[in-house]
Visitor: 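Here it is, the structure, as structure tokens.
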Amino acid sequence: MDLMAYADGELAGEDKARVEAWLETSEEARRALGAMESPAVGEWLSREMEARAARGGADGIADAVMLKAAAPERGGKVVPMRRRGMVGGAIVGVLALAAAGLLYVKTHDGGSKSLVAQATTAPGASTAPAAPEAEGAGIEVNEVEAPARDVSVYYLDQPQSTNTSVVIWIGDEKQHGAGGN
Amino acid sequence: MRAALLLAGAALALSAVVPAHASGSHTKAELVVLLGTQADGGGSIDPRIGDLPQLKTRPLSSYNTYRLLDRTTLDLEQGTPTNYSAPNGSTLALKLKNVSTDHRYTVREEISGGILRHPVHVEVTQSPNDSVFVGGLPYQGGAIFFGIKILP
């Protein structure tokens, strides 16, 4: 998440220096930063939010914004990932649909950058919109539903293999007051 | 009698061409159940796990010691959950939802029970030999992971 904050110009001082040092030494970090700054990710996010707003009002937008804002506080990390074997390369954007309590991974043509996002799903979440279409080889994470838990999806880089690997990390249960999980 | 022999012969020929575990309506999946822990020193990988470079890659490398808790092959029938009782008391249910013409397998996984108050659902579309690790749930001082691979 530090990288995301850096991309948003929110870091300063020691934190900013630390991220810049990381960027100097890590190609993956630079790729992830490039992906975050890619207009394709923003455009897709805008389209998704507009569609959600049209379907169900502005709650989805608010939830998505709140999710993004809350992520650094949870200590989440943006981890570079690469999808091997994708046709023509792909940007993997991640939209955590907090309103639906689900985490989705969406793919887009036009680049080679990837992102990992985290989401805490709400208790009782159960509705799943249609999964994104597969765009070739590689693993598509269509849906993750883990009520009241942080979820991180990592696409692993395996230079020695043509197959892909994904780690779906189910985090600790979150406490949401007396009524939470 | 001759018709029966012909049918049997046709079935035999078909079975030689189309492996039963890749017919589209069912397949086989290899499941490995791993316990990741953090040990002093360099840690170790249970040799029974075999070659799994993913364990040395983030985020799985956050544990330096992995022990194989179980390894099994599961038969997945399209539309029918296949249940596996995990060592941590939870149940892993795998359901083959779809097989595309280009041999992409959409699998829905549900982990329930154990320490989970609410089931965890995951749906992925993967090719044979792709590996999906689902886990991170606390177990025996570390975390338990389910590695699922569709067999070719």
Side-chain angles (χ1 to χ4, degrees), chain A residues 28 77 79-85 87 101-105 107 116 121-126 128 130-173 180-181, chain B residues 34 36 51-63 88 90 92 97-112 114-139 143-152:
Chain A
E28 284 187 340
K77 294 177 181 175
V79 180
M81 61 186 185
R82 217 178 287 162
R83 312 193 77 184
R84 301 189 65 79
V87 177
L102 299 166
L103 173 68
Y104 288 92
V105 177
T107 61
V116 167
T121 55
S126 60
E133 292 180 5
E135 296 184 0
I139 299 174
E140 303 286 333
V141 180
N142 304 326
E143 177 189 326
V144 179
E145 182 184 353
R149 289 178 181 272
D150 280 343
V151 175
S152 299
V153 180
Y154 300 82
Y155 285 80
L156 305 189
D157 188 16
Q158 295 176 264
Q160 285 84 33
S161 174
T162 56
N163 293 107
T164 48
S165 294
V166 163
V167 176
I168 300 170
W169 196 290
I170 310 298
D172 292 338
E173 191 172 19
N181 286 298
Chain B
L34 306 174
D51 183 28
L52 264 187
Q54 296 94 329
L55 301 184
K56 297 179 178 176
T57 305
R58 289 181 63 201
L60 295 176
S61 61
S62 58
Y63 293 109
N88 66 341
S90 64
L92 173 67
K97 284 189 69 177
N98 185 52
V99 182
S100 67
T101 53
D102 57 346
H103 301 288
R104 301 271 294 162
Y105 295 80
T106 299
V107 179
R108 186 169 177 83
E109 299 148 18
E110 179 187 284
I111 306 173
S112 60
I115 67 166
L116 290 171
R117 281 200 276 177
H118 304 282
V120 171
H121 294 98
V122 172
E123 184 181 300
V124 298
T125 300
Q126 63 192 104
S127 299
N129 283 328
D130 286 341
S131 296
V132 175
F133 295 89
V134 182
L137 298 172
Y139 182 57
I144 192 169
F145 296 92
F146 302 101
I148 298 143
K149 183 165 69 175
I150 300 295
L151 297 176

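Below, chains carry the letters A, B, ... as their sequence lines are ordered, and counting in each starts from 1.
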Visitor: For B:F145, is it the side chain, the backbone, both, or neither that has a heavy atom closer than 4.5 Å to a heavy atom of chain A?
Guide: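 Looking at B:F145, just its side chain touches chain A.
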Visitor: Kindly indicate whether the side chain of B:L60, heavy atoms from C-beta on, has any atom under 4.5 Å from the side chain of A:V167.
Guide: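 Touching, per the 4.5 Å side-chain cut-off.
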Visitor: Identify which part of B:S100 has an atom lying under 4.5 Å from any heavy atom of chain A, answering side chain, backbone, both or neither.
Guide: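 Neither part, no heavy atoms under 4.5 Å.
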Visitor: With no hydrogens and no angle check, do the side chains of A:N163 and B:S131 hold a donor and an acceptor under 3.5 Å apart?
Guide: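 Short answer, no.
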Visitor: Closest approach of A:G138 and B:S127, non-hydrogen atoms and distance?
Guide: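 Closest pair (atom of A:G138, atom of B:S127, distance): N-OG, 4.4 Å.
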Visitor: With rounding to the nearest 0.5 angstrom, report the CD1 to CD1 distance, A:I170 to B:I144.
Guide: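 Between atom CD1 of A:I170 and atom CD1 of B:I144 there are 13.0 Å.
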Visitor: Can you say whether B:S62 sits under 4.5 Å from chain A via the side chain, the backbone, both, or neither, judging by heavy atoms?
Guide: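 Just the side chain, heavy atoms under 4.5 Å.
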Visitor: Find out whether B:H118 and A:R149 are in side-chain contact, i.e. whether some heavy atom of one side chain is under 4.5 Å from a heavy atom of the other.
Guide: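 The answer is no, as the side chains (C-beta and beyond) never meet within the 4.5 Å cut-off.
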Visitor: Report which part of B:P119 has an atom under 4.5 Å of a heavy atom belonging to chain A: side chain, backbone, both, or neither.
Guide: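 Only the backbone of B:P119 comes within 4.5 Å of chain A.
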Visitor: Provide the closest heavy-atom pair for A:T164 versus B:D130 in the form atom of the first, atom of the second, distance.
Guide: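 Taking A:T164 first and B:D130 second, the nearest heavy atoms are N-OD1, 2.9 Å.
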Visitor: If you measure from CD on A:E173 to CG on B:L137, what distance do you get to the nearest 0.5 Å?
Guide: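 Spacing of CD (A:E173) from CG (B:L137) equals 10.0 Å.
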Visitor: Side chain to side chain contact (heavy atoms under 4.5 Å, CB included) between A:I168 and B:V124: does it pass, once the steps are laid out?
Guide: CA-CA 10 Å; A:I168 300 170; B:V124 298; 4.1 Å; yes
Visitor: When only pairs under 4.5 Å are counted, which of B:P138, B:G136, B:P53 shares the most heavy-atom pairs with chain A?
Guide: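 Heavy-atom pairs under 4.5 Å are most numerous for B:G136.
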Visitor: Hey, what do you get for CZ (B:R58) to CH2 (A:W169), rounding to the nearest 0.5 Å?
Guide: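 B:R58 CZ to A:W169 CH2: 10.5 Å, rounded to 0.5 Å.
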